[in-house]
Participant: 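Supplied in structure tokens, the structure appears directly below.
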Amino acid sequence: MSTAPFTATVLGTPRIGPNRELKRATEKYWAGNFSRAELESVAAGLRRDTLTALKAAGLDSIPVNTFSYYDQMLDTTVLLGALPARVAGVADDLDRYFAAARGTQDIPPLEMTKWFDTNYHYIVPEIGPETTFTLNPAKVLAELAEAKELGVPARPVIIGPLTFLLLSKAVDGAEAPVSRLDELTDVYAELLGALADAGAQWVQIDEPVLVTDISDDAPALAEKVYNRLGALTKRPSIFVATYFGDPGAGLPALARTPIEAIGVDLVYGPNTAVASVPELASKTLVAGVVDGRNIWRTDLQAALAKLAALMGPAGSVAVSTSCSTLHVPYSLDPEIGLDDALRSWLAFGAEKVAEVATLARALRDGRDAVADEIAASNAAVASRKSDPRLNNAALRTQIAGIRAAGSQRGSAEVRRAAQEQRLHLPALPTTTIGSFPQTVDIRKARAALVAGQIDEAEYTKRMQDEIAAVIKLQEELGLDVLVHGEPERNDMVQYFAEQLDGFFATRNGWVQSYGSRCVRPPVLFGDVTRPTPMTVDWATYAQSLTDKPVKGMLTGPVTILAWSFVRDDQPLADTAYQVALAIREETVDLESAGIAVIQVDEPALRELLPLRDADKPAYLDWAVGSFVLSTSGVADSTQIHTHLCYSEFGEVIGAIADLDADVTSIEAARSHMEVLDDLNAIGFSNSVGPGVYDIHSPRVPSAKEMTASLREAVAAVPAERLWVNPDCGLKTRKTDEVTESLRNMVLAAQAVREERA
Ligand code: GLN
Ligand code: ZN
């Protein structure tokens, strides 16, 4: 291929719209309030704006086909003609696509799971014995044509065959999807021909699976695939992108094939051994030196040094983001309420594009051509290094001291005895996971406070009314350990981020989580400290209304990190311990205020698990360590609960035991208590609350079915260690559903208690 190499690009961009236009349009379409043509016109406008902005910024190769109505893996499934048969009956192609993503009345959706170690979720392709692959390139060709019309040097982006198959799920007894690799490669060959016909100079094929240990064969398989695709006579130049880490053996494997360009993530794989791969001398190395998934401004001088080191080993070097900027907000411009120093440390999507362009200009025209940009970057680096908010020496000393002393709590038995004496709970105590329905009144009150229509006092009063109603309901239902219902929390991480020092909550920093769902992760920029108690007033108010114990509800350090943009200037572990100390202080204050049961949620424990096996033990060590630090400041008689949102523990099962919470509630309604067997198998001997009903569905489970699952549970775990609860928080449910479901749950617990008496 004789196409000229490019020099400046990004691997992908956000697509929900700077003001979530696509989210709104899609939801309107789903609700039947928007036609397909109206939705398509919003989408086309967003694509046009993105392309125009990337071109204006000076990129000389621009990704297309990175737009999606829902998810890029689902787009690839459609591209390969591999949607499951159960959606085939939906006549309209867009509705069929959404049916696969979200299900319909009669069609269950495909599964969704996390995209590598990001907070983005993809739709998992299903590969059954009947699945066939046929090329369906309409979307990518249309987006290519659209870009050409705008005069944009467009580069279609496709998820690679290896990544596609290794992230798919075998169904109906099919073999592992990767066994279909040869056949699928034929379809990609056909696609490359079609793209060449359509005038594409370059194609980007994403193979992030090469940075994981999902398959030991991945490098060899990649070599085979790209030898074949590279040997095609009619094709665009091929750029295979790896990202999210070091491709290890995947890099030399790709370099031995006839492809023209290889992308490496030098932010999350800083030790990628580029210099030891001689074959790179004939390739373009697309150097991901601008962090595509975190919001920090690039240290241009350091990035230029990295790039300079690549000039020798690589045939040519292109500057890029480390991955698609899908994972960061559109732009810093709409943000207000941050000081100049903090602002100078940040770069969102648009600012990252500018950084790429600046770095490419420096490579082309010399550093002097970008002297101003380098000076500004240096000033930001210096300001960040010296800012006192990032250098609280006393805090570090305090944490080191607590860690050195270790947990002072007694053994699990000693704690159990102390808690029994204090709490006097029946066997099979009933409780909930924390939140009660976020009602219209709650949302209205929050909006009114933000809009300045009501004052803090009025807001507090309205929240107290909610709490009182929830306490009354729980007493009527006969639950044993009550909750205040979390009405005051918009989000279980943001609520704490807003009250802790060291965090900045963005105004418009939306990031796609899945489909039309967006989240606004707070920015954890500094040393974390807790100026004042965060939950004590709500908890003590709730406790004042009842004689039953009320659980204090906190979010754990790992989850707070997982759902924030975290600082990159110190190890994650150090940040986790700082957050942990803040949570620990909160537990101590709750205890002093008379709260006897405290739950510290860690639903994200598994999410931060590193992609490479070798990195997992160190992660689990600090993840457990920070949880233990956050929960070990209280007396033996104070009961610590934790909650995890999943039941397939896999590699974290040992860590769950090491958390050593007195009570662990987990999702189990869907997995029929298998989870208890898994816990027994590792000798877990603390108390456990396997969810007895699935809150993810509006269905009200009968007392009879919950009695049956409790009987199963009692067979696996002695009743003295068993709790009865739903499988997650109730905030997304309606009050009526919750009332009926909990009534039945309490009846089920009573029935099983009586059977044992
Ligand atoms: N306590 C939280 C709630 O009930 C837990 C949510 C979660 O597990 N994600 O809403
Ligand atoms: Zn949960």
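Atom set for the values below is all heavy atoms of this structure, side chains included, hydrogens, waters and symmetry mates excluded. Order of appearance sets the numbers: ligands from 1, and atoms from 1 within every ligand. Here, residue 1 is the first one in the sequence, and each next residue gets the next number.
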Participant: Got a second to check how far Ser665's OG is from Leu644's CG, nearest 0.5 Å?
Facilitator: 7.0 Å
Participant: For atom 1 (N) of ligand 1, state which one of Asp601, Asp727, Thr642 supplies the nearest heavy atom.
Facilitator: Asp601
Participant: Just checking, Arg567 and Phe525: is the charged tip under 6.0 Å from the six-membered ring centre and within 45° of the axis?
Facilitator: no
Participant: Check for me whether the distance between the ring centres of Phe98 and Trp30 falls short of 6.0 Å.
Facilitator: yes
Participant: Look only at interatomic distance and state if Trp563 has a nitrogen or oxygen under 3.5 Å from any nitrogen or oxygen of ligand 1.
Facilitator: no
Participant: Salt-bridge test for Arg530 and Glu585: reply yes if a basic N is under 4.0 Å from a carboxylate O, no otherwise.
Facilitator: yes
Participant: Should the proximity of Cys645 to ligand 1, defined as any heavy atom under 4.0 Å, be assigned to the side chain, the backbone, both, or neither?
Facilitator: side chain
Participant: May I ask you to decide whether Arg753 forms a salt bridge with Asp480, counting only side-chain N to carboxylate O separations under 4.0 Å?
Facilitator: yes
Participant: Listing by chain and number, which protein N, O or S atoms are under 2.8 Å from the Zn ion (ligand 2)?
Facilitator: His643 NE2, Cys645 SG, Cys728 SG
Participant: Taking side chain to side chain donor-acceptor pair (under 3.5 Å) as the definition, give me every residue that meets it alongside Arg606, ordered by chain and number, with sequence neighbours left out.
Facilitator: none
Participant: Counting each atom of ligand 1 from 1 as listed, which ones have a heavy atom of Lys731 under 4.0 Å away?
Facilitator: 10 (O)
Participant: Hydrogens and angles aside, do Gln408 and Ser632 bring a side-chain donor and acceptor to less than 3.5 Å of each other?
Facilitator: no
Participant: Which ligand 1 atoms, with their elements, are less than 4.0 angstrom from a heavy-atom of Gly434?
Facilitator: 4 (O)
Participant: Report yes if some N/O of Met492 lies less than 3.5 Å from some N/O of ligand 1; otherwise report no.
Facilitator: no
Participant: Hey, are the side chains of Arg446 and Gln438 touching, using non-hydrogen atoms and a 4.5 Å cut-off?
Facilitator: yes
Participant: For the 3.5 Å polar cut-off, considering only N or O atoms, please tell me whether Gln599 and ligand 1 meet it.
Facilitator: no
Participant: Going by the atom numbers of ligand 1, which of them fall below 4.0 Å from some non-hydrogen atom of Ser435?
Facilitator: 3 (C), 4 (O), 10 (O)
Participant: Taking the six-membered ring for Trp and the full ring for Phe, Tyr or His, determine whether the centres of Phe244 and Phe116 are under 6.0 Å apart.
Facilitator: yes
Participant: Give the atoms of ligand 1, by number and element, whose distance to some non-hydrogen atom of Gly729 is under 4.0 Å.
Facilitator: 3 (C), 4 (O), 10 (O)
Participant: Tell me yes or no: between the side chains of Asp662 and Gln419, is some donor less than 3.5 Å from an acceptor?
Facilitator: yes
Participant: Should we count CG of Asp547 as having more than 12 external heavy atoms under 6.0 Å?
Facilitator: no
Participant: Within the 4.0 Å heavy-atom shell around Met553, which atoms of ligand 1 are there?
Facilitator: 1 (N)
Participant: Distance under 4.0 Å to a non-hydrogen atom of Cys728: what atoms of ligand 1 satisfy this?
Facilitator: 7 (C), 8 (O)
